[in-house]
Amino acid sequence: MKYKALVAKYLAETLNLDAQMVEGNLETPPQEDMGDFALPCFRMAKELRKAPQKIAEDFANQLTELPEYISDIKNAGAYVNVFLNRALYCQDFVGEALAIGEQFAHTGIGEGKTILVEYSSPNIAKPFHVGHAFSTIIGDVLAKMYQHQGYNVVRLNHLGDYGTQFGKLIVAYELWGDEEKLTSDPIGELLRIYVRFHKEAELRPELDLEARARFKALEEGGANEYRLWQRFRDLSLKEFESVYKRLGVHFDSYNGESFYSDKIPAVVKELEEKGLLETSEGARVVKLDELDLPPCIVLKSDGSTIYATRDLAAAAYRYETYNFDKCIYVVGLPQNLHFKQVFAVLAKAGHNWAKNLVHVGFGLVKFPGDRKFSTRSGDVIYLEDLLNEAVSKTREIIVANNNGREVPMSEEEINETAEAIGLGAVRYTFIRSGRERDIVFEWEDILDFEGDSAPYMQYAFARAHSILRRSGVTPEEAMQLSPAGLGSDSEFALCREMAQLNIALQQATDNNEPSILARQVMTVCRAFSRFYNQMPILQADNIQQREARLALCAAFVSVLQTTLGILGIRTVERM
RNA sequence: GCACACGUAGCUCAGCAGGAUAGAGCGGCCGCCUCCUAAGCGGCAGGCCGUACGUUCGAAUCGUAUCGUGUGCACCA
């Protein structure tokens with residue numbers, strides 16, 4: 001980053017060009033032997049009335065007095081290729097990385113700003129399956145990315161804890177509920193009676209009427225209904241929280257749909273007063289024709305509210321409460337239109353903060369052959385089961401490797417390591433690709449711990465750690481190691497990739513796209529794997545080289561610790 | 001029908017504020033553990049970047065059209 005600006009400045013000054021223009025045009029050549037930065041000269045052709053190749057050639061000829069950070073400049077076709085002083089570059093990077101530690105890639109760009117992230121948002125009384133993990137993990141990583149940039153992050157879990165389904169649950173529970181099972185396996189029991197309700201209601205339609213009545217009673221403060229609803233909610237939340245804890249996810253608020261229900265009338269009143277509501281086919285709607293959007297229904301024809309109304313109320317409440325600079329909704333892609341409408345209504349109501357609301361959509365988790373998850377038919381994978389499976393497979397691998405170890409792992413270390421690796425593997429499958437892509441759920445893919453996977457990265461970390469451990473230098477000493485003398489291909493490549501993490505985090509944040517960061521962290525790990533396979537570290541030729549390579553290892557460990565941390569992937573010292 | 005995504009190697013995906021021979025992982029084939037943990041490393045094979053026009057000195061990247069897939073489009077969330 002820093003070097004790009006330096007190179008641009010040098011080129012601009014020597015060639016009498018605009019520094020910003022040069023930096024904007026400067027690119028990374030596709031191949032290593034073409035140097036580290038390249039200036040394409042096509043665009044100057046018209047103005048200078050010369051062939052681009054000729055321009056590049058002339059430029060290269062003028063660039064004879066090189067600053068110390070540039071080792072060479074060559075002309076190739078229409079490009080001016082710049083070769084960095086690798087030793088200096090590596091020394092600089094490693095020294096800085098060791099000095100700043102966990103502040104690595106911290107820009108402070110979000111200092112003093114508040115950002116709200118709404119994510120996860122499961123429905124109460126329904127099992128937490130692999131599909132919910134998508135929102136949960138994307139949201140968690142986004143929150144961590146923003147936090148690392150200095151933002152004040154507020155994590156919101158907009159629970160689906162309201163609606164006619166609760167009338168059904170109340171009826172079903174009174175008819176078939178099993179108190180004991182509700183205590184031992186709350187969601188399992190709630191799901192059982194919910195499924196049964198739907199089955200029986202097909203034959204006895206009066207059940208649906210009863211359910212509607214009970215939901216109405218709940219809304220109107222019926223004591224019995226409220227007590228049951230509260231119980232279902234508490235029990236479900238308790239189960240969700242255990243999954244969250246395991247995933248390393250937490251929330252600042254669990255205010256869900258029910259929380260906003262009493263804040264709806266004010267919103268409706270406001271829209272009414274601003275003359276935005278119109279009656280259409282019996283419903284009260286806000287028309288959005290001028291934006292080429294279908295009207296947003298605010299009140300149904302029976303006068304009751306709808307999810308859009310709740311989202312309107314929630315947004316307003318959040319702005320009043322947090323005065324946010326940005327509020328992002330990590331909700332599935334299919335709801336894109338819904339959010340466009342909600343945001344448009346708020347803007348139309350004159351709230352200029354509506355422009356700071358953003359929907360961050362993500363794809364679907366499905367089975368091969370476009371088979372969708374279905375809670376009701378039982379055709380789903382529960383997240384808990386997936387996590388357990390991943391951890392137990394990891395455990396098998398660790399146990400198998402444990403036999404040949406000099407210092408075998410204790411039972412406790414095996415368990416902790418298996419948990420960290422297994423969960424890492426699952427987490428990574430949700431952030432490795434662009435979030436808008438669908439994920440096809442295949443056990444073999446998720447439980448493949450080789451190649452493009454979190455365990456690969458965790459393994460690289462463990463190897464680096466192991467080298468440091470064997471070297472005998474303490475972590476404090478490691479920070480003082482001299483990185484002078486680095487500069488071989490693999491050493492330089494590793495430093496360059498690590499330096500790219502800054503930009504990757506920035507882009508990932510700008511686009512609300514964790515995969516951009518995840519991908520670069522992966523690239524760094526690959527560069528490290530190559531490095532330690534190619535270069536003897538503990539048995540380096542001389543002391544200076546050994547020390548410099550250890551410093552590089554220490555820098556890698558430090559950088560990876562913080563970036564994997566942002567991704568929510570735990571590190572282990574051995575695996 | 002309208003809108004929004006997506007279509008890149010056998011599979012899963014990068015690359016898309018246009019630039020030098022299109023990248024990675026998996027799978028396939030061939031090598032590497034007397035040497036820092038083989039969850040690793042090296043190598044080979046594999047692609048008219050859906051199709052057709054257009055813009056440009058230059059297009060996987062931008063525009064238009066077209067085909068295919070997915071999703072959404074009023075009282076469910």
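Residue numbering restarts at 1 for every chain, and letters A, B, ... go by the order of the sequence lines. These numbers were taken from a predicted model, which means no experiment stands behind them.
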Item to complete: Please determine if A:Lys168 forms a cation-pi arrangement with A:Phe197, meaning its NZ or CZ atom is less than 6.0 Å from the six-membered ring centre and no more than 45° off the ring axis.
Response: no
Could you check how far [atom1] of [X] sits from [atom2] of [N], rounded to whole Å?
{"X": "A:Ile503", "N": "B:G15", "atom1": "CD1", "atom2": "P", "answer": "15 Å"}
{"X": "A:Glu27", "N": "B:A20", "atom1": "CD", "atom2": "P", "answer": "7 Å"}
{"X": "A:Ile306", "N": "B:A74", "atom1": "CD1", "atom2": "P", "answer": "11 Å"}
{"X": "A:Asp448", "N": "B:A39", "atom1": "CG", "atom2": "C1'", "answer": "10 Å"}
{"X": "A:Tyr459", "N": "B:G25", "atom1": "OH", "atom2": "P", "answer": "16 Å"}
{"X": "A:Asn336", "N": "B:C6", "atom1": "CG", "atom2": "P", "answer": "12 Å"}
{"X": "A:Glu450", "N": "B:A38", "atom1": "CD", "atom2": "P", "answer": "13 Å"}
{"X": "A:Asp452", "N": "B:G27", "atom1": "CG", "atom2": "C1'", "answer": "14 Å"}

[atom1] atom, [N] versus [M]: distance in rounded Å?
{"N": "B:G54", "M": "B:U21", "atom1": "C1'", "answer": "26 Å"}
{"N": "B:G7", "M": "B:C13", "atom1": "C1'", "answer": "13 Å"}
{"N": "B:G10", "M": "B:C29", "atom1": "C1'", "answer": "14 Å"}
{"N": "B:A39", "M": "B:G23", "atom1": "P", "answer": "29 Å"}

Residue [X], side-chain heavy atoms: nucleotide from [options] that is nearest:
{"X": "A:Tyr456", "options": "B:U71, B:G40, B:A77", "answer": "B:G40"}
{"X": "A:Leu337", "options": "B:C41, B:C73, B:A39", "answer": "B:C73"}
{"X": "A:Arg463", "options": "B:A20, B:G40, B:U37", "answer": "B:U37"}
{"X": "A:Tyr307", "options": "B:C6, B:A77, B:U21", "answer": "B:A77"}

Fill in: Exam field: side chain A:Arg395 to backbone A:Ala390, donor-acceptor pair closer than 3.5 Å
no
Worksheet item: Donor-acceptor pair, A:Glu513 side chain versus A:Arg435 backbone, under 3.5 Å?
Response: yes
Any base atoms under 4.0 Å from [X], or only sugar-phosphate, or nothing? Heavy atoms, all strands.
{"X": "A:Asp445", "value": "nothing"}
{"X": "A:Ala38", "value": "base"}
{"X": "A:Pro40", "value": "nothing"}
{"X": "A:Ser433", "value": "sugar-phosphate"}
{"X": "A:Met522", "value": "nothing"}

Worksheet item: Less than 4.5 Å apart, any side-chain heavy atom of A:Leu387 and any of A:Leu423?
Response: yes
Worksheet, complete the sentence: For RNA chain B, the dot-bracket notation using Watson-Crick and G-U wobble pairs below 3.5 Å, [ ] for pseudoknot-type crossings and | for other-strand pairs, is ((((((((.[[[[.)...(...]]]].(((((.......))))).....[[[[[..)....]]]]])))))))....
Practice prompt. Look at the rings of A:His198 and A:Tyr194 and say which category their plane angle falls in: under 30° parallel, 30 to 60° tilted, over 60° perpendicular.
Written response: perpendicular
Worksheet item: Going by atom types only, do A:Asp452 and A:Tyr428 share a side-chain donor-acceptor pair under 3.5 Å?
Response: yes
Worksheet item: ring pair (Phe, Tyr, Trp, His ring centres under 6.0 Å) with A:Phe83: which residues, sequence neighbours excluded?
Response: none
Worksheet, complete the sentence: Per side chain to side chain contact (heavy atoms under 4.5 Å, CB included), A:Ile137 is matched among A:Thr429, A:Val330, A:Ile431 by A:Ile431
